[in-house]
Amino acid sequence: MKRTLTIALCAALVCGLAACGAPKTLETLTLPADDNAASAWFSEELPEDSTSMDNDPTILRAAKTPEGREAFSLLRIALSGDIWADEVQSARLYLYEQSSSGAPGVQVYTVDGIWTQLTTRTEARAAVQEQVPGAWRQEENGWVSFDITPLAKAWLGGARPNYGLALLEGSAGAETVFASAHTEDLQIRPRLEFTLERKAHAHGYGAFGYVQQPAEGADPGQGGNCMSYALRDTDMILIDELAADFDEMNRLYAQGGEDAVLPYFTDLVTAYNEENKEALRITKLRVVGETGPIDAKTEYRVAMRIGCKTFGDEIDLGGKGNFDYHFRAQLDDGRWAQIFPWDVSQIVPCTGPGIPVAQYPWDASTQWGNWKFTGYYTSKAVFFAVTKDTAEFTAHKGGEQYD
């Protein structure tokens, strides 16, 4: 009887191993609070219209007086375009605790609004939304960590935008101070730590995979700008070269806002391509829908949005910083890629198949923290299908130099 039971157990174990396949290979990926991160804290002891610029930027503070007046913090760490939501096994926030008093009960909340260091305290507090369930874990050498796995998967899967986290104190008479994303000591800045199980993902969403521009070791000025990168070219295509008539754009904006300017600007883009298609080696560029069919063997999809900003009652889109455009190009695996001038291209975090590329405002660079770099492009998106007759990046102006 024992022998029969042993054989049965062994057989079950073998079958179980066969069903499970090889052991999982897990990878740890750490995202530090680098120059693309932002943090701020706001105090109820200051006037209602105060901003975080009134406070020490090197710390994150969560406090509540016995009377209930609070200080709270916001933190946003940029995610990586190399993380897929379905690969995340765990995600933890790590903070370096500098001091605490009372009986601290720091709570983590979601943030559902764009903020900067110039956002007022009242605006920042209104952006704080749902409490993230969980408990802090004491780590070594002054560190603490908090499990944010469901929230991180929601960011990466497009269910909610990554506007960061909020830290609030739940216990009256308690205070905790952490090192911020702006502390000079890089070793104690906040970080996100992911445990990933890498997976294969489907292709067939476009003709080309990701290519970094500028190439490793090349001059940063030789990568092009967003429009040239989307057209797989390395020579910038600037607003002056598109021959924009700002008086006409002002008139359109006064009539119907950003989305009224969008068709006019779309025509400028198609006209530029038509004029330069031989040098760009683009045989066809056509306006399509976000999900409409394209020939993924020969075409790829490009998305364009614009931003129109006014100050007071004056409409002057030709003024510096009052108008801009941005492009993204879809890769063969469904993610999107972009570039900003004098920077390295990137795969856009939180993009991929089934995630609408324009469901949230676009940032004007990988930086976060002032009005020109945060949620600037808010128009509807226009989508182009592009056919390029070479897999190589062109230089349609002959490799024009930029200082």
Of all heavy-atom pairs linking Ile114 and Gly375, the shortest is CD1-CA, 3.7 Å
Using a 4.5 Å cut-off on heavy atoms from C-beta on, say whether the side chain of Ile339 contacts that of Gln346. no
Between Asp363 and Arg76, is there a side-chain N and carboxylate O pair less than 4.0 Å apart? yes
Between SG on residue Cys308 and OH on residue Tyr325, distance to nearest 0.5 Å: 13.0 Å
Using the side-chain contact (heavy atoms from CB on, under 4.5 Å) rule, take Ile315 and Phe246 through it: C-alpha gap first, then chi angles, then the decisive distance, then the call. CA-CA 10 Å; Ile315 299 176; Phe246 283 109; over 6 Å; no
Are Arg121 and Glu123 within salt-bridge range, i.e. N to O under 4.0 Å? no
So, taking the atom named CG in Asn250 and the one named CD in Glu314, what distance separates them when rounded to the nearest 0.5 Å? 9.0 Å
No-hydrogen, no-angle side-chain donor-acceptor test under 3.5 Å, Asp295 and Thr298: yes
Salt bridge between Asp82 and Arg198, side-chain N to carboxylate O under 4.0 Å? yes
Is it the case that the ring center of Phe146 lies less than 6.0 angstrom away from the ring center of Tyr94? no
Backbone N/O of Thr183 and side chain of Arg189: donor-acceptor pair under 3.5 Å: yes
Given Arg232, which partner from the list Thr390, Thr394, Val211 fulfils the side chain to side chain contact (heavy atoms under 4.5 Å, CB included) test? Val211
Are the side chains of Leu75 and Leu93 in touch, meaning some heavy atoms are under 4.5 Å apart? yes
Looking at Arg335 and Asp333, is any side-chain nitrogen of the basic one under 4.0 Å from a carboxylate oxygen of the acidic one? yes
Using modelled atom types and a 3.5 Å cut-off, is there a donor and acceptor pairing between side-chain atoms of His396 and backbone atoms of Asp233? no
What I want to find out is whether Glu290 reaches Lys380 closely enough, with some N-O distance under 4.0 Å, to be called a salt bridge. no
Check whether NZ of the Lys or CZ of the Arg Arg305 lies under 6.0 Å from the centre of the six-membered ring of Tyr377 and within 45 degrees of that ring's axis. no
Contact check, side chains of Pro57 and Gln117, non-hydrogen atoms, under 4.5 Å: no
Quick one: is the NZ or CZ of Lys388 closer than 6.0 Å to the six-membered ring centre of Tyr300, and within 45° of its axis? no
Is there a donor-acceptor contact under 3.5 Å from the side chain of His326 to the main chain of Asp324? no
On a heavy-atom basis, which atom in Asp147 and which in Val132 lie closest, and how many Å separate them? O-CG1, 4.5 Å
May I ask you to test the Trp115-Thr374 pair for a side-chain heavy-atom distance under 4.5 Å? no
Backbone N/O of Lys397 and side chain of Asp235: donor-acceptor pair under 3.5 Å: yes
As an exercise, state the distance from OG of Ser145 to CH2 of Trp143, rounded to the nearest 0.5 Å. 10.5 Å
In this structure, are over 12 heavy atoms from other groups packed under 6.0 Å from Asp35 atom CG? no
Might you point out which heavy atoms bring Ser73 and Ala62 nearest each other, and give the distance in Å? OG-N, 4.5 Å
Over 12 foreign heavy atoms within 6.0 Å of CD, Glu278: no
Can you name the nearest heavy-atom pair linking Glu299 to Ala385, along with the distance? OE2-CB, 3.6 Å
Kindly indicate, with the supporting measurements, whether the criterion side-chain contact (heavy atoms from CB on, under 4.5 Å) is fulfilled by Phe265 and Ile239. CA-CA 10 Å; Phe265 197 76; Ile239 187 70; 3.7 Å; yes
Could you give me the CA-CA distance, side-chain angles and deciding distance for Tyr109 and Gln129, then say whether side-chain contact (heavy atoms from CB on, under 4.5 Å) is met? CA-CA 6 Å; Tyr109 282 77; Gln129 294 295 313; over 6 Å; no
Check whether Glu169 reaches the backbone of Ala63 with its side chain - one donor and one acceptor, N or O, closer than 3.5 Å. no
Val382 versus Met304: any side-chain heavy-atom pair under 4.5 Å? yes
Find the distance between OG (Ser180) and CD1 (Ile59) and round it off to the nearest 0.5 Å. 8.0 Å
So OG1 of Thr28 and CZ of Arg92: to nearest 0.5 Å the spacing works out to 12.5 Å
Would a 4.5 Å heavy-atom cut-off, applied to side chains only, mark Arg160 and Thr110 as touching? yes
Check: Thr351 side chain, Trp336 main-chain N or O, donor-acceptor pair, under 3.5 Å: yes
Please examine the side chains of Glu258 and Tyr253, heavy atoms only from C-beta on, and report whether any two atoms are closer than 4.5 Å. yes
Let me see the working for Phe178 and Val144 under side-chain contact (heavy atoms from CB on, under 4.5 Å), right down to the final yes or no. CA-CA 10 Å; Phe178 304 101; Val144 294; 3.8 Å; yes
Are the side chain of Trp41 and the backbone of Asp56 linked by a donor-acceptor contact shorter than 3.5 Å? yes
Do Phe327 and Gln338 make a side-chain contact, defined as non-hydrogen atoms from C-beta onward lying under 4.5 Å apart? no
Mark yes or no for whether Asp332, through its side chain, and Tyr205, through its backbone, hold a donor-acceptor pair below 3.5 Å. no
Report the C-alpha distance between Glu175 and Lys64 in whole Å, list the side-chain angles of each, state the deciding distance to 0.1 Å, and finish with yes or no for salt bridge (charged side-chain N to carboxylate O under 4.0 Å, His left out). CA-CA 7 Å; Glu175 176 178 9; Lys64 183 178 287 187; over 6 Å; no
Identify the heavy atoms of Leu168 and Val128 that sit nearest to each other, and give their distance. CD1-CG1, 4.1 Å
Arg301 side chain to Gly289 backbone, donor-acceptor under 3.5 Å: yes
State whether the number of non-hydrogen atoms from other residues, nucleotides or ligands found under 6.0 Å of Glu275 atom CD is greater than 12. no
Between the CZ atom in Phe384 and the CD atom in Gln330, the distance rounded to the nearest 0.5 Å is 14.5 Å
With side-chain hydrogen bond (donor to acceptor under 3.5 Å, both in side chains) as the test, would you mind laying out the steps for Ser228 and Asn225 before giving the verdict? CA-CA 5 Å; Ser228 62; Asn225 69 339; 3.1 Å; yes
With a cut-off of 6.0 Å (strictly less than), are more than 12 heavy atoms of other residues, nucleotides or ligands near NZ of Lys309? yes
So does Gln255 have more than 12 non-hydrogen atoms from other groups sitting under 6.0 Å from CD? yes
Scanning both residues in full, the closest heavy-atom pair of Ser50 with Phe42 reads O-CD2, 4.5 Å
Using a strict threshold of under 4.0 Å (side-chain N to carboxylate O), is an ion pair present between Glu392 and Arg281? no
Test your reading of the model: is there a side-chain donor-acceptor pair from Asn273 to the backbone of Thr270, 3.5 Å cut-off? no
